[in-house]
Amino acid sequence: FPSLQYTVLVVPNAENSLPGPVSLPRLNPNNSRLYYGTNDIVLTCEGVAGLKMTIKANSMKHPDGEIVSPGRPALLSLNQVHHDQIPMPMPDGAAPPSAWTLQPGGATFDPPVAVEYPNMSGLAPGGAAFFLTFNHDTERFEIVASGHVLADGSKIVTDPGVGLTDLSFYAPGIRG
C-alpha cells in the first residue's frame, strides 16, 4: 500500500471522526521498477492498457532532496486507482476516465515526468486535456500540466516541457 499524508483536525473532549473511510489502493508488485537515475525509464501499469510515464535520466530526487543514483536507487511504482477508492474528493465537475498513483510520494522531477494514456474520453484530435494531482500542502486537486490528443485520436500526451514535477499521490487525467 502507498503511504498517505492526511490532515485531521482533532477537537478535544469531542467525538472526532473522518467523513468516510480512507481507501488505499493495493500496489501491484508487477508495476514496480528499480530506477538508478542513469537512463530514461518508462513505467507501465497492469490494468490500464496504454498508460505510460517516462522519467528522464538524472531527473528524479528522493523526498529528502538527494538525486537518485546507482548508490541510492528508487523503487518506482505506477498503479491504477479505482474511482471509488480515491481517498480525497475530486473537484466539482471532475470525472476523469482513469486515475493512478505514482510512488514514491514526495519525489520531485526536473524535467517533469511525461504522461501518455489512451483517449478514453473520445476527445477530438488536437483537443486539450489537463492533468490533476493532489497537492498535500493545499489539500486539494490542482491542475499541474496540459496535454493534447494526438492527430490520430488514439492517445493523450503531456505537452512538451510539462508533466508531473512532484508526486503528491494521485494524478488523474481529465479533459478540458
Side-chain angles (χ1 to χ4, degrees), residues 1-6 21-90 94-121 129-136 141-145 147 149-150 154-159 162-175:
F1 294 94
S3 63
L4 173 65
Q5 296 174 350
Y6 215 89
V22 176
S23 297
L24 294 177
R26 186 175 301 276
L27 300 181
N28 180 343
N30 295 334
N31 294 334
S32 297
R33 303 262 318 266
L34 200 55
Y35 176 58
Y36 295 94
T38 56
N39 297 31
D40 294 357
I41 188 169
V42 176
L43 301 175
T44 58
C45 178
E46 280 187 9
V48 185
L51 173 61
K52 292 190 333 184
M53 294 193 181
T54 302
I55 299 169
K56 295 291 188 183
N58 302 309
S59 67
M60 180 180 172
K61 291 184 180 178
H62 290 283
D64 65 6
E66 183 180 339
I67 194 154
V68 172
S69 66
R72 188 169 174 217
L75 184 63
L76 300 174
S77 180
L78 176 60
N79 288 271
Q80 179 180 18
V81 178
H82 295 280
H83 291 283
D84 62 343
Q85 293 181 337
I86 297 175
M88 303 86 164
M90 294 295 293
S98 64
W100 55 78
T101 178
L102 176 58
Q103 296 292 312
T108 58
F109 300 88
D110 184 15
V113 176
V115 181
E116 174 183 306
Y117 71 99
N119 182 10
M120 295 180 281
S121 299
F130 299 95
F131 294 83
L132 295 173
T133 192
F134 189 80
N135 181 328
H136 286 280
F141 280 96
E142 298 174 352
I143 294 174
V144 294
V149 180
L150 295 181
S154 65
K155 299 176 188 171
I156 297 173
V157 298
T158 47
D159 290 329
V162 300
L164 307 178
T165 57
D166 63 353
L167 300 186
S168 301
F169 199 63
Y170 291 98
I174 63 167
R175 62 182 176 159

Using 0.5 Å steps for rounding, measure from the [atom1] atom of [X] to the [atom2] atom of [Y].
{"X": "Thr165", "Y": "Asp110", "atom1": "OG1", "atom2": "CG", "value": "8.5 Å"}
{"X": "Asn30", "Y": "Cys45", "atom1": "CG", "atom2": "SG", "value": "10.5 Å"}
{"X": "Asp40", "Y": "Thr54", "atom1": "CG", "atom2": "OG1", "value": "7.5 Å"}
{"X": "Ser77", "Y": "Leu102", "atom1": "OG", "atom2": "CG", "value": "8.0 Å"}
{"X": "Leu43", "Y": "Lys52", "atom1": "CG", "atom2": "NZ", "value": "11.0 Å"}
{"X": "Asp64", "Y": "Arg72", "atom1": "CG", "atom2": "CZ", "value": "4.0 Å"}

Which atom pair, heavy atoms only, marks the closest approach of [X] to [Y]?
{"X": "Ala74", "Y": "His62", "value": "CB-CE1, 3.8 Å"}
{"X": "Ala57", "Y": "Tyr35", "value": "CA-OH, 3.5 Å"}
{"X": "Pro63", "Y": "Ala107", "value": "CG-N, 3.9 Å"}
{"X": "Leu51", "Y": "Pro118", "value": "N-CD, 4.0 Å"}

Looking only at atom types and distance, does a side-chain atom of [X] sit under 3.5 Å from a main-chain N or O of [Y], one as donor and one as acceptor?
{"X": "Asn31", "Y": "Glu46", "value": "yes"}
{"X": "Arg33", "Y": "Leu78", "value": "no"}
{"X": "Thr158", "Y": "Val115", "value": "yes"}
{"X": "Asn79", "Y": "Asn28", "value": "yes"}

Mind checking whether Phe131 and Trp100 have parallel, tilted or perpendicular rings, split at 30° and 60°? tilted
Taking side chain as C-beta onward, heavy atoms only, is Phe109 less than 4.5 Å from Ile55? yes
Got Leu76 and Ser32 here, is their nearest side-chain heavy-atom distance under 4.5 Å? no
